[in-house]
Amino acid sequence: MSSATPPDLPTLPGRIRWSSATAAFQIEGARTEGDRGRSVWDTWVDTPGKVKDGSTAEPGADSYHRWTEDVALAKGLGLDRYRFSISWTRIQPDGTGPANRAGLDYYSRLVDGLLDAGVTPFPTLYHWDLPVPLHDAGGWTGRDVVERFTDYTALVAEHLGDRVENWYTINEPAMTTLQGYAVGALAPGEFLLFDAIPTAHHQLLAHGHATRVLRENGAKAVGVANNHTHVYPLTDSDGDRAAALAYDALHNRLFADPVLTGEYPDMSEYGVDLPVRDGDMEIIATRPDFYAVNFYNPTTVTAPAPDVPIPFDIVPTPNVEYTGFGDEWAIKPDSLRDLLIDFAGRYPNLPPIVISENGASFPEPDTADDGINDVERIAYIDGHIRAVGEAMSAGVDIEEYTVWSLLDNFEWADGYTQRFGLTHVDFETAKRTPKASYDWYRRVIAENRK
Ligand code: IFM
């Protein structure tokens, strides 16, 4: 990766909004404070061997107590918006019943603080922290969770809807289905393979119902944030091209098609029926006000060996550099451009796109006494902002770009081994130190406002 900051700042061919993101479990700490309940991620971190470095999210960046510092960081960047998530277990500790006052008050203070700082709050209702009792009742494999999520949405919307106009419903349903339920790499750690596919339907249905509830409570813009990847066959062989189509269907189309076309891609070859009931598809396909794309890396696949039960084999993307995750996370900004252009062609009624996450982790020290000159992160973000510009020039309607993340934080099963922040966090002291990328992103935002 580049060892020098690019000489000129990336500028886009039109005006967009600029944002940066975090998520509750990854930054808040304060696990039991304010009567927060337990989520599947609490179970995960309490299970020996599940988190790479044996760490927990406690106190982590401790944003529950230091949120004013984080609002100041968002303001200092000149962000239009700050994307954060609301912890279901702070609002309903057991996932049902009346709202917990302390939880509502915490997010209320955060929203007011952002508004006072001139930064628009853009919360996500669900970023993976499913309350344990709901998991015990079947989690996203069952249909009951849809009603529970709708009730939770109503509690939040009734309390914050007077000040929050823009909402993400669910973050990365694809990761919950594929990593959480199919292969068990993330909480809740189920290994259901293709039997995980119904969890996609229940999350998307929950998104559809939440959209209605949020709009009834005055929301101006609602959408789901999906994780997408541009899929490449390793070679031009028929087998590799078939593998690429299969992976594209499972990672991208399974989650985008229902929202944007009202239909699922054909999943019959996996022997799984999606549990669709009358009326579900109309609810899921309620037109979102924007379509949110979390993008990090492309995926290269090849045909699987004959005795393998899945129709693709994921292999390192060749001839590129990689992030701190090694060859699992290839750096290929033009794959973002190509994905966006493909989506605009694939979905004729595509709403405006919001890039709701984009960023990269690189090895960095635990302390930042001498500052952090994260030129690799700058090069990564620079390349992806330019890719957004190229997609805009090709006619794709893009209205927002978001860096993941405002802060170093708890990277799920990878604990603190992967730092994504524009701001370094010393996890011993929770001290925040803006990195070189923070100042660079501030200048990018200012330059693009000229
Ligand atoms: O940290 C995660 C985030 O919670 C969801 N999207 C991807 C990020 C980096 O892995």
Side-chain angles (χ1 to χ4, degrees), residues 19-29 39-42 44-45 50-53 55-57 60-61 63 70 82-88 122-130 168-180 183 185-188 203 223-230 251-252 255 292-299 314 322-331 335-336 339 354-364 374 376-377 380-381 384 401-425 427 437:
S19 180
S20 187
T22 59
F25 191 83
Q26 293 178 271
I27 65 160
E28 284 178 3
S39 80
V40 290
W41 273 99
D42 293 300
W44 182 278
V45 299
K50 288 288 195 192
V51 179
K52 198 170 185 174
D53 55 359
S55 61
T56 73
S63 196
D70 300 337
Y82 173 50
R83 180 178 178 211
F84 60 97
S85 85
I86 294 174
S87 162
W88 192 339
F122 199 173
T124 307
L125 282 166
Y126 179 75
H127 197 122
W128 301 359
D129 38 8
L130 186 71
Y168 295 103
T169 53
I170 295 188
N171 184 65
E172 296 185 356
M175 292 303 103
T176 294
T177 296
L178 301 177
Q179 304 281 338
V183 302
L186 297 174
Q203 290 180 86
V224 59
N226 263 318
N227 179 296
H228 287 298
T229 183
H230 195 61
H251 189 131
N252 293 321
F255 300 91
V293 173
N294 291 2
F295 183 90
Y296 288 89
N297 53 299
T299 306
I314 297 176
Y322 305 108
T323 71
F325 280 97
D327 62 18
E328 287 168 46
W329 288 54
I331 301 173
S335 65
L336 171 58
L339 175 108
V354 164
I355 306 295
S356 37
E357 287 181 26
N358 177 238
S361 64
F362 294 99
E364 282 164 358
D374 53 340
E376 291 170 309
R377 179 170 295 101
Y380 176 100
I381 298 173
H384 286 79
Y401 173 83
T402 308
V403 171
W404 182 271
S405 174
L406 180 64
L407 305 173
D408 287 340
N409 57 52
F410 182 76
E411 177 56 21
W412 308 113
D414 287 279
Y416 297 115
T417 63
Q418 301 292 334
R419 291 176 176 271
F420 278 86
L422 297 169
T423 307
H424 180 277
V425 177
F427 292 112
S437 59

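Read the numbers this way: they start at 1 and go in the same order the structure lists the ligands and their atoms.
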Heavy-atom proximity to atom 8 (C) of ligand 1, picking from Tyr296, Phe420, Trp412, points to Tyr296

With heavy atoms and a 4.0 Å threshold, my read on which part of Glu172 contacts ligand 1 is side chain

Could you tell me, atom by atom, which parts of ligand 1 come under 4.0 Å of a heavy atom of His127? 3 (C), 4 (O), 5 (C)

So which heavy atom in the protein is nearest atom 6 (N) of ligand 1, and how far is it from that ligand atom? Glu357 OE1, 2.5 Å

Taking the six-membered ring for Trp, are Trp412 and Trp41 parallel (under 30°), tilted (30 to 60°) or perpendicular (over 60°)? tilted

If we set the cut-off at 4.0 Å for heavy atoms, which region of Glu411 has an atom near ligand 1: side chain, backbone, both, or neither? side chain

Value for OG1 (Thr124) from CZ (Arg83), rounded to nearest 0.5 Å, stands at 3.5 Å

If you round to the nearest 0.5 Å, how far is OH of Tyr416 from CZ of Phe410? 6.0 Å

With a 4.0 Å heavy-atom cut-off (strictly under), which part of Trp329 contacts ligand 1: side chain, backbone, both or neither? side chain

Test item: Asn252 side-chain N/O and Thr229 main-chain N/O as donor-acceptor pair under 3.5 Å: yes

From the list Thr323, Asn358, Asp374, side chain to side chain donor-acceptor pair (under 3.5 Å) partner of Tyr380 resolves to Asn358

